Engineer: 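I am attaching a structure below and will ask some questions about it afterwards.
Just so you know, these numbers use all the heavy atoms, side chains as well, and skip hydrogens, waters and symmetry mates. Quick caveat, the model's predicted, so the values are computed rather than measured.
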Amino acid sequence: MEPKFILKYRNLLWLFAILTGLAFDQLFWQKPGGISFFIFILLAVLGGLIPMWVENITIPWTSYLLLLPVLIFSAFTFIRAEPMTTLMNGLLTVGSLILLTISLRNGDWARYDFKDHVLNLLKFILNCLIGGVAFFLKTQPKPNQQTDSQDRARKEGKNQDGAKRQTRMAYMRGVLLALPIVILLALLLASADPVFGSRILGIFDWFSFEDIGELIFRLTYILILAYLLLGAYFFGLVKSPELNHKSQDDSQDKFFIGTIETSVVFGALNLLFLGFVIIQFTYLFGGDQNISIEGFTYAEYARRGFFELVAVAVISGLIFSVLSRVTERKTPIQKWMVSGLGLTLLALVGIILVSAYTRLTLYEDAYGFTRLRTFTHVFIFWTGGMLAALAFLEVTQKMKRLPFVLILMLMAFGLTINILNVDGFIVKQNVQRAVNPPTEDVDNQLDVAYLSELSLDSVPPLSSNFKDESLPEDLRQKIGGVLACQFTARDLTEKTPWTSWHFARSQAFTQLQDLEDELSGYRVYQSEDPWGWFVDINGDSFPCNAPWD
């Protein structure tokens, strides 16, 4: 029989799990999002760490490093309001938290291979489902140290314990007998004295039979969440030491494919990509005049291909990383052949990535920035960094560290997006494009409807541009119309609980309040469609598609 894990303060874990579940209910039930997610994540982390600190359980410093992305990305959820950025922050927070739990007591997360990550994740999910039960079955409180005399006294006290048990049962029977009598007499006294009756009934004002369904639902998800948290705590405490990475030499890898097969694949891809690159140098990198010669207009060509090229780069990087790991290379010549063809492939993919970036730039010049284009813009740079990392790992024969590099790259991408402020970046770039159009044949009109769709992250740069008197007056009027849409179509004045405080919302409210007099001259009205808001700017009507926060 498997020995039980001894915990001196076992009850702390399940108590913290229940308290965290209750905190989740208080933070999120019928409340808009804000700082509440950060508080919940902080409570969940402390709920698992405090019992381990009390038990003097050692946690490696490499595991503590994962607290940085957990806290940083959870904090950005109440700093940034752009939806995709918020979703990414939530996913990176949860992902970092799972990785922290899996490697809590071994600290080997940076050394895990792809197979390790997949198997550990499956074990974690399974343990969250059964870990709550396993916690009580496989852990036990630490027994108190007793002397022989105390042991004898404990045996002799069994009879006394039986007597005490009978006494407790007697008390319970007395309470059950007294309860209906007290209720009956209390009702009679309440009918005899209306003041006393109002006091008695006031005790039950918080409860309504109409809300019993809601109470049952809330209690259910609190208990489910507490159970899952307890399973995660149990996994980090008891199971994570079993998941330490066992280092292996490269010679112990299991190879599945020979040098010839990999060389053929790399060679074929190199020929394909080389032909593509030659064509790109013929006209794309030579300027937009060469594009017109091929029968495409500047705008038509800008629409084509950059997403496909990014996909080609990502897929090629995956193919290279897989084949590099599973190819058997017995002789130095075979090693140089595979590495040389693979590095050539990465170089050509890098040029394709430059082509994708060039096309994206053409598209942005022709039509302006959007969220998707901005995310792709940033992603291209980090994909290029990933290709460089692959080349370095191949040259140094450290391809096993690829999962660690991918984790760092993903976190760096998320951090870049947060620092950039996607919606603020879109405002700055599109306003600059309206002031100084990149070419004469593009429409440089500011898209008021699209800017009004942006989140509250866009308000600070919009306010700054609106106050800039050096901008053309027509452009300033359009920016003012966007701000008027933001001010009127969003209910920023509604008071929210402190748990829903959001930095972007607070900052936008302050800046829009400062501009209230200037924005009062704009007519913002609602159409027959309850979701249709419009603003009049210089006699023209523009839709206010500002989403509801």
Side-chain angles (χ1 to χ4, degrees), residues 32-34 78-86 367-371 373-374 421-437 443-496 500-549:
F78 69 86
I79 296 175
R80 293 287 174 241
E82 193 275 318
M84 284 299 298
T85 304
T86 302
Y367 299 102
F369 278 80
T370 63
R371 286 171 175 167
R373 295 166 204 165
T374 303
N421 182 3
V422 172
D423 283 353
F425 176 81
I426 292 172
V427 170
K428 294 175 184 177
Q429 294 298 319
N430 286 357
V431 170
Q432 183 63 31
R433 175 179 171 276
V435 176
N436 299 308
D443 182 11
N444 66 330
Q445 294 297 315
L446 189 66
D447 191 343
V448 174
Y450 183 75
L451 291 187
S452 65
E453 291 179 358
L454 301 180
S455 70
L456 295 174
D457 288 337
S458 66
V459 172
L462 284 170
S463 301
S464 177
N465 281 292
F466 183 67
K467 296 175 183 177
D468 186 1
E469 296 182 356
S470 65
L471 291 180
E473 185 61 25
D474 178 66
L475 183 59
R476 289 186 67 247
Q477 289 297 318
K478 289 183 177 180
I479 294 173
V482 175
L483 288 170
C485 284
Q486 298 275 22
F487 186 72
T488 306
R490 299 175 187 269
D491 191 6
L492 295 178
T493 59
E494 180 184 0
K495 290 188 176 182
T496 56
S500 300
W501 182 84
H502 197 288
F503 173 77
R505 182 185 180 92
S506 175
Q507 187 181 38
F509 176 74
T510 300
Q511 296 192 2
L512 290 174
Q513 284 287 104
D514 293 340
L515 297 173
E516 184 175 8
D517 293 338
E518 291 90 336
L519 299 179
S520 61
Y522 291 91
R523 178 173 175 258
V524 181
Y525 59 94
Q526 197 171 14
S527 67
E528 295 180 359
D529 181 354
W531 299 101
W533 289 84
F534 292 86
V535 59
D536 288 340
I537 304 175
N538 296 329
D540 295 324
S541 182
F542 294 88
C544 284
N545 295 324
W548 294 85
D549 288 332

Engineer: Looking only at atom types and distance, does a side-chain atom of Ser520 sit under 3.5 Å from a main-chain N or O of Asp517, one as donor and one as acceptor?
Structural biologist: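 Yes, the answer is positive, given that a donor and an acceptor are paired below the 3.5 Å cut-off.
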
Engineer: Taking ring-ring contact (aromatic ring centres under 6.0 Å, His included) as the test, write out the residues that go with Tyr522, two or more places apart.
Structural biologist: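 Result, ring-ring contact (aromatic ring centres under 6.0 Å, His included) vs Tyr522: none returned.
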
Engineer: Just wondering, do Tyr450 and Arg371 contact through their side chains at under 4.5 Å, heavy atoms?
Structural biologist: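 In contact.
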
Engineer: If the plane angle is over 60° it's perpendicular, under 30° parallel, otherwise tilted; pick one for Phe425 and Phe369.
Structural biologist: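 The arrangement is perpendicular - the two ring planes meet at more than 60°.
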
Engineer: Test side chain to side chain contact (heavy atoms under 4.5 Å, CB included) on Ile479 and Leu471; report intermediate values, then the result.
Structural biologist: CA-CA 10 Å; Ile479 294 173; Leu471 291 180; 4.1 Å; yes

Engineer: If you compare all heavy atoms of Gly34 against all heavy atoms of His502, which two are closest, and at what distance to 0.1 Å?
Structural biologist: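 Where Gly34 meets His502 most closely, the heavy atoms are CA-CD2, 4.2 Å.
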
Engineer: Can you name the residues that form a side chain to side chain donor-acceptor pair (under 3.5 Å) with Ser463, not counting sequence neighbours?
Structural biologist: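 With sequence neighbours excluded, Ser463 shows a side chain to side chain donor-acceptor pair (under 3.5 Å) to Gln511, given in chain and number order.
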
Engineer: Start with the C-alpha distance between Leu475 and Val431, add both sets of side-chain angles, then the distance that settles side chain to side chain contact (heavy atoms under 4.5 Å, CB included), and finish with yes or no.
Structural biologist: CA-CA 8 Å; Leu475 183 59; Val431 170; 4.1 Å; yes

Engineer: For the CD atom of Glu82 and the OG1 atom of Thr374, what is their distance to the nearest 0.5 Å?
Structural biologist: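 One gets 9.0 Å once the value is rounded to the nearest 0.5 Å.
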
Engineer: Out of the candidates Leu512, Leu515, Thr510, only one should pair with Val459 under the side-chain contact (heavy atoms from CB on, under 4.5 Å) rule; please name it.
Structural biologist: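 Among Leu512, Leu515, Thr510, the one that satisfies the side-chain contact (heavy atoms from CB on, under 4.5 Å) with Val459 is Leu512.
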
Engineer: Can you name the closest pair of heavy atoms from Pro472 and Val435 and give their distance?
Structural biologist: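 Answer, listing the atom of Pro472 first, then Val435: CD-CG2, 4.5 Å.
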
Engineer: Could you tell me which residues satisfy side-chain contact (heavy atoms from CB on, under 4.5 Å) with Asp474, sequence neighbours excluded, listed by chain and number?
Structural biologist: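 Checked Asp474 against side-chain contact (heavy atoms from CB on, under 4.5 Å); matches are Lys478, Asn538.
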
Engineer: Using the test side chain to side chain donor-acceptor pair (under 3.5 Å), find all partners of Glu473 that sit at least two apart in sequence or belong to another chain.
Structural biologist: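 Checked Glu473 against side chain to side chain donor-acceptor pair (under 3.5 Å); matches are Arg476, Gln477.
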
Engineer: To the nearest 0.5 Å, how far apart are CG in Asn430 and OG in Ser458?
Structural biologist: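 Asn430 CG to Ser458 OG: 11.0 Å, rounded to 0.5 Å.
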
Engineer: Quick one: CG on Leu451 to CD1 on Ile426, what's the gap to the nearest 0.5 Å?
Structural biologist: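 Reported to 0.5 Å precision, the distance equals 8.5 Å.
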
Engineer: Taking only residues two or more places apart in sequence, or in another chain, which ones meet Asn465 in a side chain to side chain donor-acceptor pair (under 3.5 Å)?
Structural biologist: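 None.
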
Engineer: Work out which heavy atom in Pro32 is nearest to a heavy atom in Ser500; give both atom names and the distance.
Structural biologist: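 Nearest heavy atoms, Pro32 then Ser500: O-OG, 2.6 Å.
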
Engineer: Looking at Arg80 and Asp457, would you say the former's side chain and the latter's main chain have a donor-acceptor pair under 3.5 Å?
Structural biologist: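 The answer is no, because no donor-acceptor pair under 3.5 Å joins these two groups.
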
Engineer: Using side chain to side chain donor-acceptor pair (under 3.5 Å) as the criterion, list what pairs up with Asp468, not counting sequence neighbours.
Structural biologist: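 With neighbours one apart ignored, the set is Ser470.
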
Engineer: Of all heavy-atom pairs between Ile79 and Ala504, which one has the smallest distance, and what is that distance?
Structural biologist: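 Ile79 and Ala504 have their closest heavy atoms at O-CB, 3.5 Å.
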
Engineer: What are the two closest heavy atoms between Phe466 and Glu518, and how far apart are they?
Structural biologist: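 So the minimum-distance heavy-atom pair works out to CE2-CB, 3.8 Å.
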
Engineer: Please name the pair of heavy atoms, one in Ser455 and one in Asp423, separated by the smallest distance, quoted to 0.1 Å.
Structural biologist: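 For Ser455 and Asp423, the tightest heavy-atom pair comes out as OG-OD2, 2.6 Å.
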
